[in-house]
Amino acid sequence: MSEYNFAYLDEQTKRMIRRAILKGLAVPGYQVPFASREMPMPYGWGTGGVQVSAATLTPDDTFKVIDQGADDTTNAVSIRKFFENTAGVETTEETEKASLIQTRHRIPEAKLREDQIIVYQVPIPEPLRFLEPRETETRKMHSLEEYGLMHVKLYEDISQHGAISTSYAYPVKVSGRYVMDPSPIPKFDNPKLEMDAIQLFGAGREQRIYAVPPHTKVVSLDFEDYPFEATKADHPCDLCGAEDSYLDEVITDDAGSRMFVCSDTDYCRCRREAGHTGRMTKDVAA
Amino acid sequence: MTPLLQVKDIEKRYGTRIGCSGVSFDLYPGEVMGIVGESGSGKSTLLNCLAGHLEPDAGQVIFDTRADGPVDTVTMSEPERRMLGRTDWAFVHQHARDGLRMSVSAGGNIGERLMAVGDCHYGQIRDRAIDWLGRVEIDGSRVDDRPTAFSGGMQQRLQIARNLVTGPRLVFMDEPTGGLDVSVQARLLDLLRGLVREMGLSAIIVTHDLAVVRLLADRLMVMKDGYVVEAGLTDQVLDDPQHAYTQLLVSSVLQV
């Protein structure tokens, strides 16, 4: 562990990243460019999130990593190990106990508190990217608040599918000003973006950091006659019976059987420990 | 009556070469101005300067805005100019591909300007898109088709619909009939003439096709090497050309 500087990055780099984070917090939703470093993992594995976490971590922090809601998948395990090795911080799988949470594609079900920070891994920070390929033009559109194009995308959704079919990375307007890509979280999580904790977004390959300060207004874009809807599978969790959590669908055999489980593994475990049961755990409990 | 657009001594240079120089004219509401000249005479440079796509080196382009009356659009702030560009102004490109979003359906293309000015009711946007498709003679059932599935003439008409949906007062057209075959051109001209008269639009049309200006334009400017060599009523200029270059231009039209 002592072979590394605390949390892998050198102090100058962390300082540079912290400045970008502060600027991001001062201008909610604005994408701050930063000199992203090469990290010992490939792009797309969370190099942006890792750098933001490294710059934010202190030795007293308790660190949690989730990947699609789960604590035990490859991405989560390897990033957790990375910081165990390079920072020696305490790690946990419990949302409650964590002070810094790095996440890929989910927001935990448990309500986050003011003393917590959540760091998102972002693949493509520019919400207008697939509508307007020129970076110079999208920057101008952000600076002049020209967001009509974002609605064109939603219009296309409705005209083709009869409803807004964008189900993840659903664009939001932050604090009445910047349109932001909330990273590929399911739109079920969009209402949670208005939270008590600090939210930081890091995109390593694209070299952008942005942020949403606590208690900031975050509105999902929609049409008056097609309002935003946070959707999930219409089913309770088969393990813990939760009806309010985002579910993963798991195919269990080749005869069409399937089960729905909470994507947030920690939430599911806590509920089962508290005695809740679902369709597939009833018999075991009884 | 206040002119809708007053152009005063516009000059644009590319290094030492002249793009266009010393161009002045007034355009009144409901008037259609044609600009003709050979390739490289500075027509498109002039049009782009007027529409705010290029920054002129000298001169003023004063537009009579709805809110504040006559304002110089050259010194205006960029957000204001871009706002004009999607409300009171329209720009029809020679190639429909430059003016359309090819990966977005016809309805989305028409709706973009509406959504850009804050419209967010899907049903209303769609109704207006279908209404406008009808006005440019495209079947309403094609509202969800992409422009890539349209013919060249239809793409051009779609581009016109997309531009006129917000009810602009001034339309810039850069060779609107270029690259279309003659029968399609005739239909497009007919349509344009109808729309211009019906909506009381003012328009500036750049073209090298004298037939287009004869049909559409009230007044005509002839450009050569960056300068305006002759200006006047369309019929007057075409029937009794004074400048040697205009005489050449008129006499080189092929008679069938």
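Residue numbers begin at 1 in each chain, while the letters A, B, ... track the order of the sequences.
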With a 4.5 angstrom heavy-atom cut-off, could you sort out which part of [X] is near chain B: side chain, backbone, both or neither?
X       : result
Q160(A) : side chain
L131(A) : backbone
I158(A) : both

Close contacts, residues 108-133 of chain B versus chain A, judged by heavy atoms under 4.5 Å: G108(B), E112(B), M115(B), A116(B), C120(B), H121(B), Y122(B), G123(B), I125(B), R126(B)
Chain A contacts: which residues in residues 80-89 of chain B have a non-hydrogen atom closer than 4.5 Å to it? R82(B), R86(B)
In terms of the angle between their ring planes, are Y246(A) and F188(A) parallel, tilted or perpendicular, with boundaries placed at 30° and 60°? tilted
Whether H142(A) and Y147(A) hold their rings parallel, tilted or perpendicular, with breakpoints at 30° and 60°: perpendicular
Under a 4.0 Å threshold between the charged nitrogen and the carboxylate oxygen, would [Y] count as salt-bridged to [X]?
X       : Y       : value
R129(A) : E206(A) : yes
K192(A) : E109(A) : yes
R208(A) : E135(A) : yes
E132(A) : R139(A) : no

Tell me which donor-acceptor pairs under 3.5 Å the side chains of residues 41-51 of chain A have, and how far apart each pair is, sequence neighbours excluded?
unit_1: Q51(A); atom_1: OE1; unit_2: R37(A); atom_2: N; d: 2.8
unit_1: Q51(A); atom_1: NE2; unit_2: S36(A); atom_2: OG; d: 3.0
unit_1: Q51(A); atom_1: NE2; unit_2: R37(A); atom_2: O; d: 3.4
unit_1: Q51(A); atom_1: NE2; unit_2: T47(A); atom_2: O; d: 3.2

Under 3.5 Å donor-acceptor, T103(A) side chain and Y120(A) backbone: no
Output the option from E146(A), H151(A), K153(A) having the highest count of non-hydrogen pairs under 4.5 Å with chain B. E146(A)
List the steps and the verdict of side chain to side chain contact (heavy atoms under 4.5 Å, CB included) for H215(A) and D196(A). CA-CA 6 Å; H215(A) 313 293; D196(A) 298 344; 3.0 Å; yes
Mind checking what makes side chain to side chain donor-acceptor pair (under 3.5 Å) contact with T73(A), not counting sequence neighbours? D67(A)
Test side-chain contact (heavy atoms from CB on, under 4.5 Å), reference V171(B), set V32(B), L195(B), V92(B), output is V92(B)
